[in-house]
Protein chains: 2
Amino acid sequence: MSQTDLLDRAAERLADRRARLTPTRRRLLQVLEAAPGPRTVPELQIDLADIPVSSLYRALTSLEEAQVVIRLRDSAGTGRYELAEWITGHHHHVTCTVCGRTEDVAVGDGLETAIGRLLSDVAAEHRYRISGHRIEIEGVCSACQRH
Amino acid sequence: MSQTDLLDRAAERLADRRARLTPTRRRLLQVLEAAPGPRTVPELQIDLADIPVSSLYRALTSLEEAQVVIRLRDSAGTGRYELAEWITGHHHHVTCTVCGRTEDVAVGDGLETAIGRLLSDVAAEHRYRISGHRIEIEGVCSACQRH
DNA sequence: TTCGGTGCAAAGGGTTTGCATTCAC
DNA sequence: GTGAATGCAAACCCTTTGCACCGAA
């Protein structure tokens, strides 16, 4: 997806919620698009030093409500933001237990099917109405294996 | 595993690290063993009201280093502690998005094996040495569905 | 002119830490 | 006696919020 497309579609989703694609939000999306992985707010502040923290959080909250970005949690409990899956494509994450870096992971149909069965089992046995799931794969990345 | 066994083995693991199974740590393990799912420190304080927060955190850190407990993160980024899997057996979690309660979920061997194999494949593609995986399921529990 | 967005400052909540004290081996 | 464990208070860090002001539809 081109950057123009991304911004246009983000503007649409925001408009659905009577919100606007302001300069702050636009710059935020540009930084997130260029980022190699999910970013924390303190990290975003490096690229957006002139924007107050509270504005960053509020902009991210708006973008999350408009489903343009999603918020993850890293192992330290800090929020990490990335573009939503309709932009980046469906994926999960692997996290290195040594360096803490998180990478995107594309999953096969077989795994998705297995997860689907797990979810319906759980829904039945625990009488839950399932709304979502998160898979965390842990290991040591190739770089850290060499050290 | 009986409670005596649990405490004995915990004592061993602590001893390996020149740490002791003190009354605080013993009570902590008893509360965690009785809990239906991973607990936050604020929750633990309810059952262990006479123990200062800092002592709870330090005891939990020691127990985590001795690999007797593990620390998870819930969707709010808050740490949640539970007994290690060599005590409880491998399992996953389902969390109610309304009341916030987390329950342990047992998964059938067949399904677990299938998921484990698929996750390993995924990780291998990324040159990760896998140490584990966790699936966090979100939904609304039966009690909250009625309200 | 109305309502959303921003900036600033203060507060919130979980978590960590410095330091003195107490305790177990 | 020596290192581990505890208690207390303060500090930390990420995050949220109240309030006043600005700006776009």
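Just so we're on the same page: letters track the sequence lines, and every chain starts at 1.
- Within the structure, the side-chain hydrogen bond (donor to acceptor under 3.5 Å, both in side chains) test picks out the following pairs touching residues 117-126 of chain A (sequence neighbours left out): A:His126-B:Glu103.
- Annotation: A:Glu138, atom CD; neighbour count of heavy atoms from other residues, nucleotides and ligands within 6.0 Å is above 12.
- On the nucleic acid side, DNA chain D contacts chain B at distances under 4.0 Å to non-hydrogen atoms, with the end points of that region at D:dA4 to D:dA9.
- With rounding to the nearest 0.5 Å, the separation of CD1 in A:Ile115 from CG in B:Leu111 is 7.5 Å.
- Scanning for side-chain contact (heavy atoms from CB on, under 4.5 Å) contacts around A:Arg26 gives A:Leu7, A:Leu21, A:Gln30, with sequence neighbours left out.
- Residues satisfying the salt bridge (Lys or Arg N to Asp or Glu O under 4.0 Å) criterion with A:Asp109, sequence neighbours excluded, are absent altogether.
- Residue A:Leu83 holds its CG atom at 13.5 Å from CD of A:Gln67, rounded to the nearest 0.5 Å.
- Legend: residues meeting salt bridge (Lys or Arg N to Asp or Glu O under 4.0 Å) with A:Arg17, ordered by chain and number and at least two apart, are A:Glu65.
- C:dT15 atom P lies 10 Å from atom CG of B:Leu44, rounded to whole Å.
- Between the side chains of B:Arg25 and B:Ser62, at least one donor-acceptor pair of N or O atoms lies under 3.5 Å.
- For A:Leu56 and C:dC8, the CG to P distance is 12 Å, given to the nearest whole Å.
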Would you tabulate the pairs of protein nitrogen or oxygen atoms and nucleotide nitrogen or oxygen atoms of nucleotides 17-22 of chain C closer than 3.5 angstrom?
from	atom 1	to	atom 2	distance (Å)
C:dG18	O6	B:Arg58	NH1	3.4
C:dG18	O6	B:Arg58	NH2	2.7

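- Looking only at side-chain heavy atoms (C-beta outward), A:Asp50 and A:Arg27 come within less than 4.5 Å of each other.
- Near DNA chain C, defined here as any heavy-atom distance below 4.0 Å, there are no residues from residues 60-85 of chain A.
- Per the geometry, CG belonging to A:Leu48 stands 12 Å off P belonging to C:dT6, to the nearest Å.
- Taking the C1' atoms of five terminal pairs at each end of the helix from C:dT1-D:dA25 to C:dC25-D:dG1, the two resulting helix axes are inclined by 30°, rounded to 10°.
- Applying the ring-ring contact (aromatic ring centres under 6.0 Å, His included) test to residues at least two apart or on different chains, none of the pairs has a partner in residues 48-89 of chain B.
- Here A:His133 pairs with A:His92 under the ring-ring contact (aromatic ring centres under 6.0 Å, His included) rule; sequence neighbours left out.
- Counting heavy atoms from C-beta outward, B:Arg71 and B:Leu60 have side chains that stay 4.5 Å or more apart.
- Two residues are said to be in side-chain contact when any heavy atoms from C-beta on lie closer than 4.5 Å; A:His91 and A:Val105 fail this criterion.
- Taking Ile, Leu, Val, Met, Phe, Trp and Tyr as hydrophobic and joining them when side-chain heavy atoms fall under 4.5 Å apart, one finds A:Ile46 isolated, its cluster having no other members.
- Looking at residues 17-27 of chain A, you'll see that no heavy atom sits under 4.0 Å from any atom of DNA chain D.
- Salt bridge annotation for B:Glu136-B:Arg134: present, with a cationic side-chain nitrogen under 4.0 angstrom from a carboxylate oxygen.
- Atom-to-atom, CD1 of B:Ile46 to P of C:dG14 comes out at 11 Å; the value is rounded to the nearest Å.
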